[in-house]
Amino acid sequence: MSAWSRGEAKSWADAMSYALVQQYGRWTVGWRWSHDEGDFDGGPVGNWCCPRDSITTSEETLARVEAALREWREWLESLAGWFEAYPLDLTDIVEQRILWERAARNLILQVVDRTGCGSGWYGHCRQVLTWFLERWGVEPEVARSLVDEAIGGRFRSWTGPDTVVVDDVAEQLALSLRPSNGRPRALAPTQDHLQRWLAVRESVPWHEIPDGGTDGPVVPLRDGVAEDIRAFDGAIAPARAEGLLGALELLRADAARGARLDFALLSSWQQHVLGTTQPPPFRNSPAFAKGSRERYGIGPDTRARLDTCLAGSAPDTGHPLGLTARAARASLDVCSPTT
């Protein structure tokens, strides 16, 4: 049976796929994309599984092929209807952001319902979201990249996504859209986002930011950071989660002893995250983020400027700021030069 399924039966199914394409067009190729571990993992088709389980008598087999083809066609037409229900315009991203987000969320839930979240269901989810972006003018390569970045490995086989995750993926996808996504991206953006941040840093009235009334350690009701690492990173990459928890423990110990925040300290924490034998060095070339849409330059004084900026996070500087302002500024100081 196993040899027959991989040989004669598979050849028959492949020949049927070819015949359907010749007769009706390329849209037919999805008729075998069955639920769970069928011919192709995680699809929306329930009337076909695989040659071993779906090929019986001639009459029954051809009836299954027809039913699977009709089912696939109905699914494509329903997707087209949902796409058209959200007539979006890339040139008006800001005004339509909520609509893009709502459309993405709806499509994810439709795929969840249709596939049953079996083996590899997220592959079809990526495809549907990519089709949707392409329908409304996003360049295909850019669409695939944006969808992959938004999902970020958070969808898993045999597991339905939490509502929070679905909402976050939809939000990230909507936020990542730009009017330029309709054209092939340039090799590199010309704006230096590091210089942009330094300019913003100087213009923000940090002293006017209200604080919470305390400047010392706060005793939390629960360890939200550790819980998030275990729940989110632990589900995607257990080794990374372990490294993050190790870095968090070291960070808190350094904070308790009053260590001065600088790049050397950051690097000692990052060593645990990356799992390297030595603390990682400061970058020596421009860095890129968000699918290369943002560029962060490098100069001979970048490392020194970072340490100078981070020194302002200490409470004993000449012009002390509130804890909230120092924390927000330090976070952006770290993200921009070291991206």
Side-chain angles (χ1 to χ4, degrees), residues 1-2 4-6 9-14 16-17 20-21 26-56 60-83 103-134 143-144 146-170 172-173 231-238 241:
M1 173 63 75
S2 179
W4 172 82
S5 178
R6 292 194 304 268
K10 182 179 182 301
S11 296
W12 184 91
D14 290 343
M16 176 58 73
S17 294
L20 291 173
V21 169
R26 290 184 58 197
W27 67 266
T28 63
V29 295
W31 73 275
R32 293 163 64 188
W33 202 349
S34 58
H35 304 317
D36 306 333
E37 297 176 330
D39 275 1
F40 307 98
D41 273 4
V45 175
N47 283 290
W48 182 270
C49 173
C50 54
R52 184 189 63 187
D53 296 329
S54 299
I55 295 179
T56 54
E60 288 178 344
T61 303
L62 292 177
R64 289 193 183 100
V65 172
E66 179 184 355
L69 183 63
R70 289 179 178 275
E71 186 180 7
W72 172 245
R73 175 71 183 201
E74 179 273 328
W75 173 240
L76 293 180
E77 291 180 353
S78 65
L79 285 178
W82 287 317
F83 292 175
R105 182 179 184 276
N106 178 51
L107 290 172
I108 293 171
L109 295 178
Q110 294 293 342
V111 174
V112 165
D113 181 66
R114 185 69 179 222
T115 63
C117 297
S119 176
W121 71 273
Y122 46 81
H124 188 45
C125 188
R126 285 199 301 266
Q127 184 183 52
V128 168
L129 291 175
T130 301
W131 282 346
F132 172 66
L133 295 185
E134 290 180 26
R144 288 191 292 271
L146 295 181
V147 170
D148 285 343
E149 290 175 10
I151 294 177
R154 288 179 284 177
F155 293 162
R156 305 181 69 187
S157 294
W158 310 109
T159 304
D162 292 337
T163 301
V164 174
V165 174
V166 173
D167 290 344
D168 187 62
V169 170
Q172 293 302 316
L173 186 59
F232 178 72
D233 297 276
I236 299 174

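Not a single ring pair (Phe, Tyr, Trp, His ring centres under 6.0 Å) links Tyr122 to another residue, sequence neighbours left out. Shown here are the side-chain contact (heavy atoms from CB on, under 4.5 Å) partners of Asp167, two or more places apart in sequence or in another chain: Arg105, Thr163. Evaluation of the salt bridge (Lys or Arg N to Asp or Glu O under 4.0 Å) rule for Asp148 yields Arg126 as partners, not counting sequence neighbours. Checked against side-chain hydrogen bond (donor to acceptor under 3.5 Å, both in side chains), Trp131 has no partners two or more places apart in sequence or in another chain. For the side-chain contact (heavy atoms from CB on, under 4.5 Å) test, no residue two or more places apart in sequence or in another chain qualifies with Ser34. For Asn106, the side-chain contact (heavy atoms from CB on, under 4.5 Å) test picks out Trp82, Tyr86, Gln110, with sequence neighbours left out. In this structure, the side-chain hydrogen bond (donor to acceptor under 3.5 Å, both in side chains) partners of Arg114, at least two apart in sequence or on a different chain, are Glu74. Residues passing the ring pair (Phe, Tyr, Trp, His ring centres under 6.0 Å) test with Trp27, sequence neighbours excluded: none. Contacts of Glu60 classified as salt bridge (Lys or Arg N to Asp or Glu O under 4.0 Å), with partners at least two apart in sequence or in another chain: none. Not a single side-chain hydrogen bond (donor to acceptor under 3.5 Å, both in side chains) links Gln172 to another residue, sequence neighbours left out. Applying the side-chain contact (heavy atoms from CB on, under 4.5 Å) criterion to Trp158, with sequence neighbours excluded, gives Asp36, Glu37, Ser119.
Minimum heavy-atom separation, Trp121 to Arg156: NE1-O, 2.8 Å. For the residue pair Ala104 and Leu129, the shortest heavy atom distance occurs at O-CD2, 3.9 Å. Here the shortest heavy-atom pairing between Ile55 and Ala9 reads CD1-O, 3.8 Å. Minimum heavy-atom separation, Ala143 to Thr130: CB-CG2, 3.9 Å. Here the shortest heavy-atom pairing between Leu20 and Thr28 reads C-OG1, 3.6 Å. Smallest separation of non-hydrogen atoms from Pro44 and Trp72: CG-CZ3, 3.6 Å.
Within the structure, ring-ring contact (aromatic ring centres under 6.0 Å, His included) contacts touching residues 34-56 (residues at least two apart or in different chains) are Trp31-Trp48.
Residues Glu149 and Leu173 fail the side-chain proximity criterion, which asks for heavy atoms closer than 4.5 Å. Within the 4.5 Å cutoff, no side-chain heavy atoms of Val111 are placed close to those of Phe155. Side-chain atoms of Pro161 and Val112, non-hydrogen and from C-beta on, do get closer than 4.5 Å to each other. Counting only heavy atoms from C-beta outward, the side chains of Gln127 and Val147 never approach each other to under 4.5 Å. Between Ser17 and Arg32, some side-chain heavy-atom pair lies under the 4.5 Å cut-off. Contact of the Cys125 side chain with the Ile108 side chain is registered, since non-hydrogen atoms from C-beta on lie closer than 4.5 Å.
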Checking salt bridge (Lys or Arg N to Asp or Glu O under 4.0 Å) for the pair Asp39/Lys10: CA distance, chi angles, key distance, verdict? CA-CA 9 Å; Asp39 275 1; Lys10 182 179 182 301; over 6 Å; no

Given the rule in the side-chain contact (heavy atoms from CB on, under 4.5 Å) test, do His124 and Asp41 qualify, once you have shown the distances and angles that lead to the verdict? CA-CA 9 Å; His124 188 45; Asp41 273 4; over 6 Å; no

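The backbone N or O of Cys49 sits less than 3.5 Å from a side-chain atom of Ser54, completing a donor-acceptor pair. Side chain of Glu71 to main chain of Asn47: a donor-acceptor pair is present (N/O by atom type, distance under 3.5 Å, no hydrogens or angles).
Note that CG of Leu107 is 9.5 Å distant from CG of Leu133, once rounded to the nearest 0.5 Å.
Atom CZ of Arg64 sits in a crowded spot, with more than 12 heavy atoms from other residues, nucleotides or ligands closer than 6.0 Å.
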